[in-house]
Undergrad: 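Have a look at this one.
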Amino acid sequence: MGDAGMSERIAVIGAGVIGLSIAHELASAGRAVTVLADAAPLETTSAVAGAIWFPYAAERSPAVDAMLEASLRRMRTIALEEPDAGVDLRSGIIVERTPDPDRAWTQWVESEPADPAELPAGATGVRTTVPLATMSVYLPWLQQRCAGLGVRFERRAIDDVDALAGEWSTAIVAAGVRGGALLGDDDAVVPIRGQVVRVANPGIAEFRIDDDNPGGLAYVLPRRDCVVLGGTAEPGATSLAPDPATEAGILERCAALVPEVAGQPIVSRAVGLRPGRSRLRIEEVPGRALRVIAAYGHGGSGVTLSWGTAERVAGML
Ligand SMILES: Cc1cc2nc3c(=O)[nH]c(=O)nc-3n(C[C@H](O)[C@H](O)[C@H](O)COP(=O)(O)OP(=O)(O)OC[C@H]3O[C@@H](n4cnc5c(N)ncnc54)[C@H](O)[C@@H]3O)c2cc1C
């Protein structure tokens, strides 16, 4: 099993940013890949993402650092070479509220201290330029690229990975928040609910992220089609219905951060369940009826870790 050749058939379970990136990476290397998913790319948590390259609510370790860097490199190249992909390099400010903020990420990107005039009172901050994806454009683009490389897509709910053994030689479980339940050997996945509201873009190009805002998480992410305003990070909460009171708080915090967004028409609302896990799970799962590789648990950093994950999984096969 796992040999490249006529008999190898790889199923990727999941059509979010992780499953699509893995499928793309494997198909680029000439492998036969089918994506099996019960939700299409634009129906996934990935479609709710902001989606900025920035580490948030996910494992930090040397292995994950390498994946952060790999993803940054790939997304930058896409931003520069593929104008239709929906990925742009955007400048903006990471607001800091603690005396000893984590600036490890600045080793990979150019950054400078933010002008205090651009910061909330009492905060520090860093100005930087990073990739930001318009997911309504990027996910279809990625799916199209996969299809062009020969990847097949089937809408299908999987409840037993071992039952895939007759049809497939390898299954890659990129099932996001449902990855642990699907494999049945992992109860470490915790949904981290995130709510956003998307408003018309009044002409802003810069992002602001204020993760440690004492009033609650706040971010303003201008995309090609709107501005994404967030957010929340509620571990254990699973309601997919946007909560009006939560939305009012998001609008208020974001308007304080970027006054131009105040009063902009609301384009849409969304809620997603981040696949929270203290450690990413990217490993072979032994003792199954076919070769199984787990690839989930990206928390609030699925886009940020997508290509690094894909490269790592490809390296395992
Ligand atoms: C509000 C919000 C903002 C975010 N902002 C950012 C950001 O700015 N930057 C960033 O990097 N990350 C961000 N994230 C996190 C990011 O969205 C996730 O880490 C990422 O989407 C996880 O991708 P995934 O492919 O693992 O899972 P998902 O996108 O959830 O995809 C899972 C796929 O698996 C399929 N599936 C699952 N179980 C089964 C089954 N049993 N049978 C068949 N199919 C199955 C589903 O149909 C789906 O296709 C944000 C998340 C939220 C909620």
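Note that ligands are numbered from 1 as they come in the structure, with each ligand's atoms numbered from 1 the same way. Not measured: the values here are computed from a predicted model.
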Undergrad: Within the structure provided, determine whether L72 and P131 are in side-chain contact (heavy-atom separation under 4.5 Å).
TA: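 The answer is yes, as the side chains (C-beta and beyond) meet within the 4.5 Å cut-off.
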Undergrad: Just wondering, do F54 and V130 contact through their side chains at under 4.5 Å, heavy atoms?
TA: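 With C-beta onward as the side chain, the pair stays apart.
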Undergrad: Does ligand 1 have an atom that lies less than 4.0 angstrom from a heavy atom of V196?
TA: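 Right, V196 reaches ligand 1.
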Undergrad: Answer yes or no: is there a donor N or O on one side and an acceptor on the other, between the side chain of T45 and the main chain of R274, under 3.5 Å?
TA: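 No, T45 side chain to R274 backbone: no donor-acceptor pair under 3.5 Å.
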Undergrad: How close does the nearest protein non-hydrogen atom get to atom 42 (N) of ligand 1, and which residue and atom is it?
TA: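 Checking every protein heavy atom, the shortest distance to atom 42 (N) of ligand 1 gives I158 N, 2.9 Å.
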Undergrad: Y56: heavy atom below 4.0 Å from ligand 1, yes or no?
TA: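 So Y56 does not count as touching ligand 1.
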Undergrad: Are W307 and L317 connected, step by step, through hydrophobic side chains (Ile, Leu, Val, Met, Phe, Trp, Tyr) whose heavy atoms are closer than 4.5 Å?
TA: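 In one cluster: yes.
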Undergrad: Could you say whether the N/O atoms of Y219 and ligand 1 ever approach to under 3.5 Å?
TA: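 No: no nitrogen or oxygen of Y219 is under 3.5 Å from one in ligand 1.
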Undergrad: What is the nearest protein non-hydrogen atom to atom 8 (O) of ligand 1, stated with its residue, atom name and distance?
TA: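 Of every protein heavy atom, I52 N, 2.9 Å lies nearest to atom 8 (O) of ligand 1.
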Undergrad: Among all the protein's non-hydrogen atoms, which is closest to atom 19 (O) of ligand 1, and how far away is it?
TA: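 Residue, atom and distance for the closest contact: G299 O, 2.7 Å.
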Undergrad: Please check if the side chain of S301 supplies one atom and the backbone of A58 the other of a donor-acceptor pair under 3.5 Å.
TA: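 Side chain of S301 to backbone of A58: no pair is present.
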Undergrad: Side-chain contact, heavy-atom cut-off 4.5 Å: V151 with H24?
TA: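 No, their side chains stay 4.5 Å or more apart.
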Undergrad: Identify, by atom number and element, the atoms of ligand 1 in contact range of A157, meaning under 4.0 Å from any of its heavy atoms.
TA: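 In order of number, 42 (N), 43 (C).
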Undergrad: Would you say ligand 1 has an N or O under 3.5 Å from any N or O of G50?
TA: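 Yes; the residue has a nitrogen or oxygen that sits under 3.5 Å from a nitrogen or oxygen of the ligand.
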Undergrad: Using a plain distance cutoff, I'd like to know if P275 has any nitrogen or oxygen under 3.5 Å from a nitrogen or oxygen of ligand 1.
TA: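 No, there is no polar N/O contact under 3.5 Å.
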Undergrad: I'd like to check whether L182 has a polar contact with ligand 1, where a contact means an N/O of the residue lying under 3.5 Å from an N/O of the ligand.
TA: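 No, no N or O pair falls under 3.5 Å.
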Undergrad: Hey, is ligand 1 close enough to I13 that some N/O pair sits below 3.5 Å?
TA: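 No; every N/O pair is 3.5 Å or more apart.
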Undergrad: When you compare ligand 1 with A37, is there at least one nitrogen or oxygen pair between them that comes in under 3.5 angstrom?
TA: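 N/O-N/O distance below 3.5 Å does not exist for this pair.
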Undergrad: Which heavy atom of the protein is the closest neighbour of atom 38 (N) of ligand 1, given with residue, atom name and distance?
TA: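 Answer for atom 38 (N) of ligand 1: R178 CZ, 3.3 Å.
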Undergrad: I'd like to check P55 versus W105 (side-chain heavy atoms, cut-off strictly below 4.5 Å). Are they in contact?
TA: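 With C-beta onward as the side chain, the pair touches.
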Undergrad: Does a side-chain heavy-atom distance below 4.5 Å link L20 with P41?
TA: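 Counting from C-beta outward, L20 and P41 do come under 4.5 Å.
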Undergrad: Can M135 be reached from V35 by stepping across I, L, V, M, F, W or Y side chains whose heavy atoms are under 4.5 Å apart?
TA: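 As far as the 4.5 Å side-chain criterion goes, M135 and V35 are connected within one cluster.
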Undergrad: Under a heavy-atom criterion of less than 4.0 Å, does R193 contact ligand 1?
TA: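 Per 4.0 Å heavy-atom rule, R193 does not contact ligand 1.
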Undergrad: Can you tell me the protein heavy atom closest to atom 48 (C) of ligand 1 and the distance?
TA: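 It is T44 CG2, 3.6 Å.
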Undergrad: Quick one: does G231 get a heavy atom under 4.0 Å from ligand 1?
TA: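 No; G231 lies far enough from ligand 1 that no heavy-atom distance drops under 4.0 Å.
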Undergrad: Please state which option from A49, G276, A181 has its nearest heavy atom closest to atom 50 (C) of ligand 1.
TA: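 The nearest heavy atom belongs to A49.
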Undergrad: Is there a side-chain contact between E82 and V87 in this structure, where contact means two heavy atoms from C-beta onward sitting under 4.5 Å apart?
TA: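 No, their side chains stay 4.5 Å or more apart.
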Undergrad: Could you check atom 51 (C) of ligand 1 against the protein and tell me its nearest heavy-atom contact, residue, atom and distance included?
TA: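 In this structure, atom 51 (C) of ligand 1 has R274 CG, 3.5 Å as its nearest protein heavy atom.
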Undergrad: Is the shortest heavy-atom distance from the side chain of R103 to the side chain of V126 under 4.5 Å?
TA: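 Result yes, sub-4.5 Å side-chain heavy-atom pair found.
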Undergrad: Is there a heavy atom in G300 that sits closer than 4.0 Å to ligand 1?
TA: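 Right, G300 reaches ligand 1.
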Undergrad: For atom 21 (O) of ligand 1, what's the nearest protein heavy-atom neighbour? Residue, atom name and distance, please.
TA: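 Looking at atom 21 (O) of ligand 1, the protein heavy atom closest to it is S46 OG, 2.8 Å.
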Undergrad: Pairs of nitrogen or oxygen atoms closer than 3.5 Å, one from T45 and one from ligand 1: do any exist?
TA: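 Min N/O separation from ligand 1 is below 3.5 Å for T45.
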Undergrad: Where is the nearest protein heavy atom to atom 25 (O) of ligand 1: which residue, which atom, and how far?
TA: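 Nearest protein contact, heavy atoms only, for atom 25 (O) of ligand 1 is I18 N, 3.1 Å.
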Undergrad: For residues L221 and V196, determine if any side-chain heavy atom of one lies less than 4.5 Å from a side-chain heavy atom of the other.
TA: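 Counting from C-beta outward, L221 and V196 never come under 4.5 Å.
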Undergrad: With a cut-off of 4.0 Å, which atoms of ligand 1 are near a heavy atom of G194?
TA: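 Within the 4.0 Å cut-off of G194, ligand 1 contributes 1 (C).
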Undergrad: Ignoring angles and geometry beyond distance, decide whether D38 reaches within less than 3.5 Å of ligand 1 through its nitrogen or oxygen atoms.
TA: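 Yes, since at least one N or O of D38 sits under 3.5 Å from an N or O of ligand 1.
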